[in-house]
K.L.:
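Below you'll find the structure I mean.
Values below: every heavy atom of this structure, side chains too, minus hydrogens, waters and symmetry copies. Atoms within each ligand, like the ligands themselves, are counted from 1 in listed order.
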Amino acid sequence: MADSMTAEPRPADVTTRPTGEPLIVLDHVEKHFGELHVLRDVNLTIHRGEVVVVIGPSGSGKSTLCRTINRLETIDSGTISIDGKPLPAEGRELARLRADVGMVFQSFNLFAHRTVLENVTLGQVKAKGVKPAVAKATAMDLLERVGVADQAAKRPAQLSGGQQQRVAIARALAMKPKAMLFDEPTSALDPEMINEVLDVMVGLAQDGMTMVVVTHEMGFARRAAHRVVFMDAGQVVEEAEPETFFTAPRSGRAKDFLSKIL
Ligand code: ADP
Ligand code: MG
């Protein structure tokens with residue numbers, strides 16, 4: 001950027017768009033639910049180290065987009081590849097590729113009858129064959145990183161929503177994913193807990209994690225995103241750097257959406 005020396009510094013350190021190679025590539029992706037056309041010719045490339053915020057009206061296909069990337073939903077046509085490999089339909093290969101992409105949902109989806117530590121340990125042991133002692137050490141490191149190490153022996157229900165969501169992030173990171181998908185990770189939280197989760201996510205972004213984040217938190221987009229992708233009615237309508245998108249959206253649909261949320 002030509003004016004980067006004189007412009008006000010952005011609040012976070014995630015300033016330059018990474019030039020890493022493509023990590024997640026969607027090519028002409030189409031998806032229907034019955035008659036409903038939910039993804040329409042979606043073409044999207046997420047580069048290694050890139051943080052992409054996806055925004056758009058309710059029902060525009062944002063969750064479906066995330067779920068197809070993780071193969072929780074199949075697609076009708078087009079291709080999705082992760083790190084150069086097309087997503088296979090099923091089998092062991094699918095499980096392995098799915099493990100490359102961690103996912104964090106609006107509802108925390110922790111195992112209710114396991115401790116916090118077990119929640120972050122079990123997947124490593126069961127899906128990756130990590131030795132229990134090693135898995136436990138990794139889990140404690142991650143719980144420390146997200147600021148809930150002191151809650152390790154508790155059950156999820158004993159934690160606040162913000163703490164539970166941070167455990168969910170630690171659990172996803174424990175699988176050593178190449179990328180993380182977040183689908184409205186703060187939408188179910190009380191307002192005072194939103195920032196503690198967003199701060200963890202900004203930290204991940206600063207550490208270079210490749211991230212796709214569906215969120216209406218414009219502050220997060222401004223702090224951490226390299227790119228905003230605006231979806232409407234199953235289409236990627238507009239893509240731009242956050243400042244450009246928020247201050248000068250090009251499409252009428254984006255202008256209309258922003259006028260309602262800002
Ligand atoms: P968003 O996350 O942007 O709100 P979604 O991806 O959840 O949008 O949904 C896109 C459209 O697909 C909506 O009209 C929704 O009702 C519909 N939809 C989502 N999941 C299903 C499903 N499993 N079966 C049928 N329709 C669905
Ligand atoms: Mg959604």
K.L.:
Can you tell me if H216 and E184 form a side-chain donor-acceptor pair at under 3.5 Å?
P.N.:
no
K.L.:
Can you work out which protein residues put a heavy atom within less than 4.0 Å of ligand 1?
P.N.:
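Close residues (ligand 1, cut-off 4.0 Å): F33, L36, V38, P57, S58, G59, S60, G61, K62, S63, T64.
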K.L.:
Donor-acceptor pair, R166 side chain versus V146 backbone, under 3.5 Å?
P.N.:
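Here the side-chain-to-backbone pair exists.
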K.L.:
Parallel, tilted or perpendicular: which one describes the rings of F257 and F230, with boundaries at 30° and 60°?
P.N.:
tilted
K.L.:
Salt-bridge test for D141 and R145: reply yes if a basic N is under 4.0 Å from a carboxylate O, no otherwise.
P.N.:
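So D141 does not pair with R145 through a salt bridge.
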K.L.:
Ignoring hydrogens and angles, tell me if any N or O in the side chain of K178 forms a donor-acceptor pair with the backbone of V101 under 3.5 Å.
P.N.:
no
K.L.:
Provide the tally of protein N/O/S atoms nearer than 2.8 Å to the Mg ion (ligand 2).
P.N.:
1
K.L.:
Ignoring hydrogens and angles, state whether a donor on the side chain of D232 or S60 is under 3.5 Å from an acceptor on the partner side chain.
P.N.:
no
K.L.:
Do R48 and D83 meet the salt-bridge criterion of a basic N to acidic O distance under 4.0 Å?
P.N.:
yes
K.L.:
Do E50 and T210 get their side chains close enough for a donor-acceptor pair, meaning under 3.5 Å?
P.N.:
no
K.L.:
CD of Q164 to CD1 of I169: how many Å apart, nearest 0.5 Å?
P.N.:
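Answer rounded to 0.5 Å: 12.5 Å.
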